[in-house]
Amino acid sequence: MQNVYLDNAATSFPKAPGISGAMAEYIDKIGSNLNRSSNELAAATALVTLETRELLCRLFHFQDSAHVVFTPGITHSLNYIIKGLLQPGDHCVVSAMEHNAVARPLAQMSSRGVIIDQAPCDSQGNLLLPQFEALLRPETKLVIMTHASNVCGTVLPAAAVGALCRQRGIYYVLDTAQTAGHLDLDFEGLGLSGLCFAGHKGLLGPAGIGGMLLTPSLAQSMEPLIAGGTGSVSDSESMPEFMPDRFEAGTLNIPGIYGLNQSLKYILSETPQVLRQKEMALTAHFIEELRDLPGLRLVGEPDLERRVGVVSLDFLNRDNGEVSYQLSERYGILTRCGLHCAPWAHKTLDTFPKGTVRFSFSHFNTEAEVAAASIAVRSLV
Ligand SMILES: Cc1ncc(COP(=O)(O)O)c(C=O)c1O
């Protein structure tokens, strides 16, 4: 039985062509650290790293490659921002669709005196914008929002939130776990102060490499959480003030950067718009097959324009965990069940604590795979 991988929201598979070759090239033939030594191999590493920052600037329409910081992924980037920026008494607003990568560090900060408000969303995961706006106060320092729900695929109104934050001088950070590589993201146009990205999801790169893009103002307001060697201003006991060294202590995941470099070239040559078209055609087909099936609830925004290729199904008369297991065992359809690290979202969507079965597509999937998945769902429902 051939497996059909429909768990791309957890991590994409397959990856972009050529990334294992790029990573092997670094490990087998280069091997040098970054910013430490001044030999030929170190220069090669430095060039690829700089090029990768520049590719990210192109992808996210961002101006300054020095303000692209590498981290292991979105969870680390969000922790850097939340814990480096917020002080007791500060106010932070988030949506009711956030992942635990937001909820858990904020819960830690809440016990240290940071005040957190959750802006409500409707039962399809859409942010209620007037209610969001009403929560903003003079002491609101930070808004964090997921761009699209990792549970149901609903896209949140990133630009409208950005305009409201900009009017009030509030830092605004977007979690692009489910949209980077899928949508055309314009840092400036969305009014962002920070953008957190993961290499291993829609960017089709390896795990363990991601990062954050920061405006100079946000970067200077954040205390570096991790201090250590950067290969620069080594005579000082303080972290460098300049970027990206301010937030890049220790050795980076250089094989990951080589892999990401390759996957970004692939995405930029294909373009997120074309990849989205393919992925959404598959998603539309899947939804169409299952929309009105009795015993099944399709969770999330019905309008395809306002969702990504993440589809959650609630099997009303069955245990969703059992269904996900049967999909894998009997049909080779690989999904993810449970709460998807996003209990707030499931509460909003009224699927807590049962969870859902999540099918998440990539442009690498085929119509035949979608047909196989919908036949399997019909037989299990
Ligand atoms: C919406 C959302 N935010 C954050 C994360 C965490 O990303 P990472 O695994 O890169 O830390 C995920 C991953 O599942 C996610 O879906």
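Counting begins at 1 with the first residue of the sequence.
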K.L.:
Apply side-chain hydrogen bond (donor to acceptor under 3.5 Å, both in side chains) to N261 and T52, showing your working.
P.N.:
CA-CA 5 Å; N261 179 291; T52 310; 3.0 Å; yes

K.L.:
Given side-chain hydrogen bond (donor to acceptor under 3.5 Å, both in side chains), test T154 with S149 step by step and report yes or no.
P.N.:
CA-CA 5 Å; T154 302; S149 165; 5.9 Å; no

K.L.:
With distance as the sole criterion, is a donor-acceptor pair present between the side chains of Y26 and T45 under 3.5 Å?
P.N.:
no

K.L.:
Hydrogens and angles aside, do T71 and S77 bring a side-chain donor and acceptor to less than 3.5 Å of each other?
P.N.:
yes

K.L.:
Between E248 and R53, is there a side-chain N and carboxylate O pair less than 4.0 Å apart?
P.N.:
yes

K.L.:
For the atom pair CD (Q87) and CZ (R112), what is the distance rounded to the nearest 0.5 Å?
P.N.:
11.0 Å

K.L.:
Between H99 and H340, is the gap from one ring center to the other below 6.0 Å?
P.N.:
no

K.L.:
Quick check: do V68 and P244 have side-chain heavy atoms less than 4.5 Å from each other?
P.N.:
no

K.L.:
What are the two closest non-hydrogen atoms of L164 and L136, and how far apart are they?
P.N.:
CB-CD1, 4.3 Å

K.L.:
Would you find more than 12 non-hydrogen atoms of other residues, nucleotides or ligands less than 6.0 Å from Q63 atom CD?
P.N.:
no

K.L.:
Could you tell me whether H67 atom NE2 has more than 12 heavy atoms of other residues or ligands within 6.0 Å of it?
P.N.:
yes

K.L.:
Which heavy atom of A376 sits nearest to which heavy atom of S379, and what is that distance?
P.N.:
O-OG, 2.9 Å

K.L.:
Just checking, is any N or O donor in the side chain of T351 or D314 under 3.5 Å from an acceptor N or O on the other one?
P.N.:
no

K.L.:
Salt bridge check, K265 against E51: does any charged N sit closer than 4.0 Å to a carboxylate O?
P.N.:
yes

K.L.:
Between T251 and N33, is any side-chain donor less than 3.5 angstrom from a side-chain acceptor?
P.N.:
yes

K.L.:
Please name the residue in the list F197, F62, F60 that meets the ring-ring contact (aromatic ring centres under 6.0 Å, His included) test with F187.
P.N.:
F62

K.L.:
Under 3.5 Å, is there a donor-acceptor pair between the H147 and Q178 side chains?
P.N.:
no

